[in-house]
Amino acid sequence: MSMVPHGGDLAAAEVRWGRPAEGWLDLSTGINPVPYPIPAIDPAAWQRLPQHDRLRQLLETARSCYGVPADAPVVAAPGTQILIQLLPRLRPRARVAILGPTYGEHAACWAAEGAAVATVGSLEEAAAAEVVVLVNPNNPDGRIVDSRRLLALADTLAARGGLLVVDEAFAEVTPGASVASEAGHPGLLILRSFGKFFGLAGIRLGFALGAAAEIERLARWLGPWAVPGPAIEIGIAALSDRWQDETRTRLLAAAKRLTDLLTAHGFADRGGTDLFRLVEHPQAAKVWDRLGRAGILVRPFPERPTLLRFGLPGDEADFARLAAALG
């Protein structure tokens, strides 16, 4: 089990506060609370090994959805977490700079494989590293680094055999921030997550985009049948569905509504994306505990105790429940 704290741990919440009579309102993750409607799945997808022709269709659908060039390879994985754990094998024991604060698994996975890891606050501070890792848009503050700066950094790193890893786990809500159209650029490797935007984190599906040398190695390490047949079918349907456009509009409105609600209750907005908001409050630890007692789980940051991250409520009842608990 990972020692990095994450949202979504309802079992731990029940140990602390007990099981709420109304059930949990889990706002501790950045997962879309209104998921993609799962289509009917051919029973054969559950009964057979994943079929290579359907996997190829998934990869081509992802390529089209993300705007990946035709000559840039794509590999699918059972979630991006396994890709994050494999990345240190691409550059063993490298000097790694993580643009932080950000998703904790990046630093943990590189360090676990013997890399010299430093968390830095700017790309300028990362200049001497062999590998630079950043999340764009960032979790938890939504910071976006301009694509031109990213490509320039990839060129610098590639010239000395280095690598820029751009984790685009939340790029679906801000497609303009993505560098997926530059996949194949020397020194650049991109991760895309399926489960957050589509609200289906349980099926475990993610992608890596990049130059052939890195993607082929990742594919070899993942081995055959890495992605289950049902996940392949759901991915093909969702990644080609105009549901995405409607969902971006809905998420934008829901994020504004959440920001307005939190601001009205004395929280200072500190950024985020349309899937979550980061806020600051001098009594954040007490608010976190009070919400937990009300059956509402949000994400605390023990190392930055004035901050909380709120995921989106899914409907009117969820917004009303949160407003009542805050009041």
Side-chain angles (χ1 to χ4, degrees), residues 1-6 59 62 68-69 71-136 138-139 145 149-169 171 179-180 182-194 204-227:
M1 295 293 291
S2 171
M3 300 303 292
V4 177
H6 297 288
L59 296 178
V68 179
D71 59 347
V74 181
V75 65
T80 50
Q81 178 61 37
I82 187 62
L83 293 168
I84 291 170
Q85 291 174 216
L86 289 174
L87 290 179
R89 296 174 62 180
L90 293 173
R91 299 291 189 280
R93 299 187 177 277
R95 287 177 289 108
V96 180
I98 311 284
L99 188 60
T102 193
Y103 182 56
E105 289 287 350
H106 285 291
C109 290
W110 283 93
E113 295 297 323
V117 180
T119 299
V120 300
S122 68
L123 291 186
E124 289 72 23
E125 293 176 72
E130 298 169 72
V131 175
V132 178
V133 181
L134 62 95
V135 180
N136 206 49
N138 190 45
N139 172 17
V145 179
R149 296 184 66 199
L150 295 179
L151 295 175
L153 178 57
D155 288 338
T156 298
L157 292 169
R160 56 176 184 256
L163 186 66
L164 172 62
V165 177
V166 182
D167 182 346
E168 295 188 344
V179 289
E182 301 294 334
H185 190 100
L188 177 65
L189 191 146
I190 304 156
L191 302 178
R192 295 295 295 238
S193 175
F194 176 85
R204 311 309 302 141
L205 179 61
F207 302 90
L209 331 169
E214 281 79 22
I215 299 304
E216 288 172 4
R217 293 173 73 190
L218 289 172
R220 186 166 63 251
W221 294 334
L222 286 165
W225 315 303
V227 179

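Note that this is a predicted model, so its numbers are computed, not measured. All heavy atoms count here, side chains included; hydrogens, waters and symmetry mates do not. If you read the sequence from its start, that first residue is 1, and numbering goes on from there.
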Close side-chain approach of Ile84 to Asp167, heavy-atom, < 4.5 Å: yes
Heavy-atom pair with the smallest gap, counting every atom of Gly121 and Leu99: C-CD1, 3.6 Å
Shortest non-hydrogen pair, Val131 vs Ala94, comes out as CG2-CB, 4.0 Å
What's the spacing between Glu214 CD and Leu188 CG if we round to 0.5 Å? 9.5 Å
To the closest 0.5 Å, what do you measure between CD (Gln85) and CD (Glu105)? 6.5 Å
Between Asn138 (side chain) and Pro101 (backbone), is there a donor-acceptor pair under 3.5 Å? yes
Using modelled atom types only, decide if a donor and an acceptor are shared between the side chain of Arg91 and the backbone of Val96 within a distance under 3.5 Å. no
Taking Asn136 for the side chain and Val145 for the main chain, is one N or O donor matched with an acceptor at less than 3.5 Å? yes
Tyr103: partners by ring pair (Phe, Tyr, Trp, His ring centres under 6.0 Å), with sequence neighbours left out: His6, His106
Measure the shortest side-chain to side-chain distance between Leu134 and Leu123 over non-hydrogen atoms and say whether it is less than 4.5 angstrom. yes
For the side chain of Glu130 and the backbone of Arg95, is there at least one donor-acceptor N/O pair under 3.5 Å apart? yes
What closest approach, in Å, do Leu222 and Pro78 show between heavy atoms, and which atom pair accounts for it? CD2-CD, 4.2 Å
Option from Leu157, Leu189, Val133, Leu87 for which side chain to side chain contact (heavy atoms under 4.5 Å, CB included) with Leu163 holds: Leu189
Could you report the tightest heavy-atom contact between Gly184 and Ala72, atom names first, then the distance? N-CB, 4.0 Å
With a 6.0 Å cut-off (strictly less than), is the heavy-atom count around CZ of Arg93, excluding the residue itself, greater than 12? no
What I'd like to find out is whether the side chain of Arg204 reaches to under 4.5 Å of the side chain of Gln81, using heavy atoms alone. yes
Value for CG (Leu150) from CG (Asp155), rounded to nearest 0.5 Å, stands at 11.0 Å
Between CG of Leu90 and CD1 of Ile215, what distance do you get to the nearest 0.5 Å? 8.5 Å
Ala212 and Pro73: which non-hydrogen atoms are nearest, and at how many Å? CA-CG, 3.6 Å
Quick one: are Arg89 and Leu218 in side-chain contact, heavy atoms under 4.5 Å? no
Smallest heavy-atom separation, Pro69 atom then Ala183 atom, equals CG-O, 3.7 Å
d(Leu153 CG, Glu124 CD) to nearest 0.5 Å is 9.5 Å
To the nearest 0.5 angstrom, please state how far the CZ atom of Phe207 sits from the CG atom of Leu59. 6.5 Å
